[in-house]
2 protein chains.
Amino acid sequence: MIVLDYRDKRPIYEQVVEKLEHLIVCGALEANTKMPSVRSLALDLSVNPNTIQRAYAQLEQDGYLYTVVGRGNYVTSEQEWKSGKIEQLMTEVREALTKAHDIGVPKEDIWNAVSEIYAETTP
Amino acid sequence: MIVLDYRDKRPIYEQVVEKLEHLIVCGALEANTKMPSVRSLALDLSVNPNTIQRAYAQLEQDGYLYTVVGRGNYVTSEQEWKSGKIEQLMTEVREALTKAHDIGVPKEDIWNAVSEIYAETTP
DNA sequence: CAAGTGTATTAAGACTATTAATACGCTTGC
DNA sequence: GCAAGCGTATTAATAGTCTTAATACACTTG
């Protein structure tokens, strides 16, 4: 299902999260797909089950999976994980804007930045 | 000049940075004021000179101090450190906006957030 | 040239993060 | 109901990083 890169300095669970998140976002894993069990994926990748458990916990936290104890982990619908991600991003935006406002960046500068980023090449 | 809090779990150099930055931002230390030397402040706080050196390096990086080798560290003008900080904040804003744009947050939602944060209570 | 300044290098210690070992509790199907 | 599968919790070993210190070097000035 996925391949680990041992030259990568990041922890294993993070690599697993990244790769699975990518598969979900790209649509390779449809909603309600049953994920491989913690043990089987651990065996597959030759790592400890806890490592996979941690990755799955992260993915659940981020809204990409939901867990049913005793049954397994399943992919959430796009609608669900997307709304979670948007909420998270809007918080980031608000925090950045607040700090900019506090130090006295004028509204126009913000608006210009928004315009640049939202400038559609094909209107 | 400053007092350390040993219950604070953060590293010493970070506390020093925070407190000095605060003094500069609040205007307690005027532009071109000579800072205490690395050694004297270290002696004062009973820490290693390298710890103060690291704090000063951070403050220089952030644009609050400038260094003259063999002479000492001096406070930069408000104009200078403010423009540095604004640049940094605008980068943060742009990054957040780009991510929001990429996932499909509509322009209006951004504009609403900007309006809320820039809503002046005394127009 | 001596006393003051900032700087670079190296190493020791503390602390955190990652991973593993192991045992537990829940769900399902026979 | 019980065995085989699942996710979960606890604890510990290990690796790695971060912080701080020790020490020696280089520059400026009176």
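The figures here come from the full heavy-atom set of this structure, side chains too, leaving out hydrogens, waters and symmetry mates. Below, read A as the first sequence line, B as the second, and so on, with proteins coming before strands; counting in each chain starts at 1.
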Phosphate oxygens OP1/OP2 of C:dT5: is one of them under 4.0 Å from a side-chain N or O of B:Ser37? yes
Can you measure A:Leu41 atom CG to D:dG7 atom C1' for me and round it to whole angstrom units? 14 Å
Is there a donor and acceptor pair closer than 3.5 Å between the side chain of A:Arg39 and the base of D:dG7? yes
State whether B:Asn73 places a side-chain N or O below 4.0 Å from either non-bridging phosphate oxygen (OP1 or OP2) of C:dG6. yes
Of A:Val68 and B:Lys34, the one whose closest DNA chain C nucleotide lies more 5': B:Lys34
Let's see if you can work this out: which of D:dA21, D:dG7, C:dT7 has an atom nearest to the side-chain heavy atoms of B:Val47? D:dA21
Starting at CD of A:Gln58 and ending at C1' of C:dA17, how long is that distance when rounded to a whole Å? 14 Å
Rounded to the Å, how far apart are B:Leu43 CG and C:dG4 P? 12 Å
Quick one: which of D:dT19, C:dT19, D:dG7 gets closest to the side chain of B:Glu14? D:dT19
Minimum heavy-atom separation for B:Tyr13 to B:Thr51, with atom names? CB-O, 3.7 Å
d(OH, B:Tyr56; P, C:dG6) in whole Å: 7 Å
For D:dT19, does either OP1 or OP2 sit under 4.0 Å from a side-chain N or O belonging to B:Tyr13? yes
d(CG, B:Asn48; P, C:dG6) in whole Å: 14 Å
Consider the side chain of B:Asn50, meaning its heavy atoms from C-beta on, and name the nucleotide among D:dT20, D:dG7, D:dA22 that approaches it most closely. D:dA22
Separation of B:Gln15 atom CD from D:dT19 atom C1', in whole Å? 13 Å
Are OP1 or OP2 of D:dG7 and a side-chain N or O of A:Arg71 less than 4.0 angstrom apart? no
Parallel, tilted or perpendicular: rings of A:Tyr64 and A:Trp81 (30°, 60°): tilted
When the distance from NZ of B:Lys9 to C1' of C:dC15 is rounded to whole Å, what number comes out? 11 Å
What I'd like to find out is whether the side chain of B:Ile24 reaches to under 4.5 Å of the side chain of B:Leu65, using heavy atoms alone. yes
Presence of A:Thr51 side-chain N/O under 4.0 Å of C:dA20 phosphate oxygens OP1/OP2: yes
Assess, by modelled atom type and distance only, whether the side chains of A:Asn112 and A:Glu108 contain a donor and an acceptor separated by less than 3.5 Å. no
Here the distance between atom P of D:dC25 and atom CD of B:Gln53, to the nearest Å, is 18 Å
Is there side-chain contact between B:Met35 and B:Leu59, with at least one heavy-atom pair below 4.5 Å? no
